[in-house]
Undergrad: 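Below you will find the structure I want to go over with you.
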Amino acid sequence: MRGRIYCNPYDKNLFVRRRMPGAWTVNLGNPWAWCAVGALALAACAAVWLVLRLSGA
């Protein structure tokens with residue numbers, strides 16, 4: 001994936017600088033990264049549920 005996915009459990013950094021200037025990626029080897037991914041997924045599901053609930057679908 002040319003540096004788009006980074007997984008190193010021995011690297012304690014949550015965000016890692018990519019080769020492109022100003023670009024960052026998430027270290028998926030860090031357990032906190034999976035907490036952040038889960039929180040974003042939960043927020044997206046809650047937003048969809050709320051929109052469907054308010055639209056009466």
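Just so you know, these numbers use all the heavy atoms, side chains as well, and skip hydrogens, waters and symmetry mates. These numbers were taken from a predicted model, which means no experiment stands behind them.
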Undergrad: Rounded to the nearest 0.5 Å, how far apart are OG1 of T25 and CG of N13?
TA: 12.0 Å
Undergrad: Any chance you could lay out the side-chain contact (heavy atoms from CB on, under 4.5 Å) test for V16 and W24, step after step, and finish with the verdict?
TA: CA-CA 6 Å; V16 181; W24 295 81; 5.7 Å; no
Undergrad: Spell out, yes or no, whether W34 and L42 are grouped together once hydrophobic residues are joined by side-chain heavy atoms under 4.5 Å, including indirect joins.
TA: no
Undergrad: Determine whether L40 and V51 fall in the same hydrophobic cluster, where Ile, Leu, Val, Met, Phe, Trp and Tyr are linked whenever their side-chain heavy atoms lie under 4.5 Å apart.
TA: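 Each belongs to a different hydrophobic cluster.
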Undergrad: What is the minimum heavy-atom distance between K12 and N30, and which atoms define it?
TA: O-ND2, 3.2 Å
Undergrad: Under a 3.5 Å distance rule, please check whether N27 uses its side chain to pair with a backbone N or O of F15 as donor and acceptor.
TA: no
Undergrad: Do V48 and L50 have side chains that get closer than 4.5 Å, going by heavy atoms?
TA: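 Of all side-chain heavy-atom pairs linking L50 with V48, none is under 4.5 Å.
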Undergrad: Would you please test N8 and Y6 for side-chain contact (heavy atoms from CB on, under 4.5 Å) and show each step?
TA: CA-CA 7 Å; N8 184 354; Y6 182 75; 3.3 Å; yes
